[in-house]
Amino acid sequence: MKHLFIIIISLLLLNFFGAFFIYSEILLGGLVLPFAIIKIRKEYLFKKYIYILLIGIFISIFSCNFFRGQSLYLSIKANYPYFFILFYFTLLSLNFSVKTTEKALIYLIILFCISYIIQYLVYPKVIFRGALAEYSEDVRIRLTGQGLVFLGYFYGINKFLSDKNNKVFYLILSVLCILIIFLLGFRTQIVLIIPFTYFLIFKIKGFNRKVFLISIGILLFFLSLSIIPVVKDKIEFMQERQETEKFSRKDYIRVIDFQYYTHEHFHNIWEYILGSGSPFPGTEYNYYMSGLKDKYMYYEDLGLLGLSWIIGIFPVVIMLLYSFKAYRLPLPNDYKYLGIWFIYLIAISFTTMEFYREGNFVVQALVLFLIEKIYKEEKSLQQIVLSNFLQSIK
């Protein structure tokens, strides 16, 4: 029952995927910050990255105060979503086993999928606040912590290939997650999920005839999804958007965004480097940024590059560094999906805000903790084996 503790804390931090609202001050102050302070003197794989990330964000807060006149207090509140990466230290303090944490993660993924489907079926009735945004051409619902659905897909594929038991469950979970990824309606996410699936397969199984046949089967599966009416409609909407949303067009809004932020937005090169800051509702700076959004100019449409204009170049570089470290750490075949997920998040965050979408830093904290726990257990086991071997030859 220990996994229930992780599930409850995670759901609180995620506001149950946006179904209710708890002030971030309460969540951070009660469930996150005390543990980050307790663990400040301990050595952990990702500790330095996270603390340096927060320093970079605080520098952008001072930059926002200096260049945009937004108060330090309100700028700190505007940056609360990034602080949830500190949940990593809460998990380190709880120190549950890999099995317990992974079990909790799977329940969270299933709960997310169920929640998304329910919201999609009852739309336009709003249960989760991510369904409040309206899109004239399509129903495109976003839920807090939706990085879970990509994690669930890679988890299902990974376990299907590496675990001899429960293959039907893993297959069903993967199918469920990929259907929701189609419902999200992002072309980049759907296009890139295919090569990353192959990449995961090759990392686990290498390349041989059986893997080739599995790859062909997965490709045929993706093609077969297009006959499902709701998926077919999504594909048609994405094709229609593709006709007008091309970087080769000067009137494409992302091209306009790039031109504006690189030539007009910043006061000087220092603000460009440090970031203009995250706007807080009700401030003059937020009014100015809302004016840009009224013209359909969203910095989020340029993903991590756009984020660097807000919180600064340095914090974004740190996000990339801990993501690549998470990927490069050697893990057993049962857990390859964890590192692949981080690289996939980066890949799809060139034209979306998926890496830093609301709630995804809670999910990142869970994954970073799992990677650290698995890596250290494997390293400890290898040392024991080596020690036993050396003793046996004496």
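Looking at heavy atoms from C-beta onward, D301 lies out of side-chain contact with T351 at the 4.5 angstrom threshold. Contact check for N158 versus L338: no side-chain heavy atoms found under the 4.5 Å cut-off. Between K336 and F199 there is no side-chain heavy-atom pair separated by less than 4.5 Å. Contact check for L143 versus I141: side-chain heavy atoms found under the 4.5 Å cut-off. Inter-residue side-chain proximity for F258 and Y299 is flagged as unmet; no heavy-atom pair is nearer than 4.5 Å.
The distance from atom CD1 of I6 to atom CG of L105, rounded to the nearest 0.5 Å, is 9.0 Å. Taking CG of L31 as the start and CZ of F84 as the end, the distance is 9.0 Å to the nearest 0.5 Å. Here the CG atom belonging to L292 is positioned 9.5 Å from the CD atom belonging to E264, to the nearest 0.5 angstrom. Note that CG of L14 is 8.5 Å distant from CG of N360, once rounded to the nearest 0.5 Å. Within the model, atoms NZ of K167 and CD1 of I172 stand 14.0 Å from one another, a figure rounded to the nearest 0.5 Å. Atoms CD1 and CG, on I348 and L184 in that order, are 9.0 Å from each other to the nearest 0.5 Å.
Note on ring orientation: taking the six-membered ring where Trp is involved, the planes of Y344 and F150 are tilted (angle from 30° to 60°). A tilted orientation is assigned to the rings of F46 and Y49, their planes being inclined by 30° to 60°. Between Y120 and Y116, the ring planes lie parallel to each other; the angle is under 30°, not in the 30° to 60° tilted range. Under the 30°/60° scheme for interplanar angles, the aromatic rings of F96 and F5 are found to stand perpendicular.
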Verdict with supporting geometry, Y298 and D257, side-chain hydrogen bond (donor to acceptor under 3.5 Å, both in side chains): CA-CA 7 Å; Y298 296 83; D257 278 351; over 6 Å; no
Working for side-chain contact (heavy atoms from CB on, under 4.5 Å), residues L366 and L108: CA-CA 11 Å; L366 273 162; L108 286 169; 3.9 Å; yes
Derivation and outcome, side-chain contact (heavy atoms from CB on, under 4.5 Å), residues I106 and F169: CA-CA 11 Å; I106 300 317; F169 168 75; 4.0 Å; yes
Residues Y337, Y153; criterion side-chain contact (heavy atoms from CB on, under 4.5 Å); working and verdict: CA-CA 9 Å; Y337 72 97; Y153 171 77; over 6 Å; no
Check against side-chain hydrogen bond (donor to acceptor under 3.5 Å, both in side chains), N333 and K205: CA-CA 9 Å; N333 281 345; K205 294 291 187 179; over 6 Å; no
Step-by-step salt bridge (Lys or Arg N to Asp or Glu O under 4.0 Å) determination, E358 to R129: CA-CA 11 Å; E358 184 182 4; R129 63 174 178 268; 2.6 Å; yes
S162 vs D334, side-chain hydrogen bond (donor to acceptor under 3.5 Å, both in side chains): CA-CA, chis, key distance, verdict: CA-CA 6 Å; S162 63; D334 278 351; 2.9 Å; yes
Derivation of the side-chain hydrogen bond (donor to acceptor under 3.5 Å, both in side chains) call for S97 and T100: CA-CA 5 Å; S97 68; T100 296; 3.0 Å; yes
Verdict with reasoning, I9 to L13, per side-chain contact (heavy atoms from CB on, under 4.5 Å): CA-CA 6 Å; I9 294 177; L13 295 178; 4.1 Å; yes
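Under the 6.0 Å distance and 45° angle rule, R142 does not count as a cation-pi partner of F17.
Between the side chains of E354 and Q146, at least one donor N or O lies within less than 3.5 Å of an accepting N or O.
A donor-acceptor pair is defined here as one N or O able to donate and one able to accept, closer than 3.5 Å; no such pair exists between the side chain of W270 and the backbone of S63. Within the 3.5 Å criterion, the main-chain N or O of T144 finds no donor-acceptor partner in the side chain of R357. Using a distance-only test at 3.5 Å, with no hydrogens or angles considered, no donor-acceptor pair links the side chain of E300 to the main chain of M353.
Other residues, nucleotides and ligands contribute over 12 non-hydrogen atoms within 6.0 Å of the OH atom of Y44. With a 6.0 Å radius and a threshold of 12 heavy atoms from other residues, nucleotides or ligands, Q259 has its CD atom above the threshold. In the displayed structure, F62 atom CZ is contacted under 6.0 Å by at most 12 heavy atoms of other residues, nucleotides or ligands. The 12-atom threshold is not exceeded at CZ of F66, counting heavy atoms of other residues, nucleotides or ligands nearer than 6.0 Å. In Y260, the OH atom is crowded: over 12 heavy atoms of neighbouring residues, nucleotides or ligands sit closer than 6.0 Å. Residue-environment remark: OH (Y23) stays at or below the threshold of 12 foreign heavy atoms within 6.0 Å. Crowding of K376 atom NZ: a count of heavy atoms from other residues, nucleotides or ligands under 6.0 Å exceeding 12.
Aromatic ring centroids of Y82 and F361 lie under 6.0 Å apart. F154 has its ring centre no less than 6.0 Å from the ring centre of F342. Between Y88 and F369, a ring centre-to-centre spacing not shorter than 6.0 Å is recorded. For Y272 and F266, the ring centers are positioned less than 6.0 Å apart. In summary, the aromatic rings of F83 and F58 are positioned with their centroids under 6.0 Å apart.
In terms of hydrophobic clustering, with Ile, Leu, Val, Met, Phe, Trp and Tyr side chains grouped at heavy-atom distances under 4.5 Å, I117 and L183 are assigned to a common cluster.
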Give the table of side-chain donor-acceptor pairs shorter than 3.5 Å for residues 67-74, with sequence neighbours excluded, one pair per line with atom names and distance.
from : atom 1 : to   : atom 2 : distance (Å)
R68  : NE     : E271 : OE2    : 2.7
R68  : NH2    : H265 : O      : 2.6
R68  : NH2    : E271 : OE1    : 3.4
R68  : NH2    : E271 : OE2    : 3.1
Q70  : OE1    : F280 : N      : 2.9
Q70  : OE1    : T283 : OG1    : 3.0
Q70  : NE2    : S75  : OG     : 2.9
Q70  : NE2    : S278 : O      : 2.8
S71  : OG     : L74  : N      : 3.2

Could you tabulate the donor-acceptor pairs under 3.5 Å formed by side-chain atoms of residues 309-328, not counting sequence neighbours?
from : atom 1 : to   : atom 2 : distance (Å)
Y322 : OH     : Q364 : OE1    : 2.5
S323 : OG     : M319 : O      : 2.7
K325 : NZ     : L45  : O      : 3.2

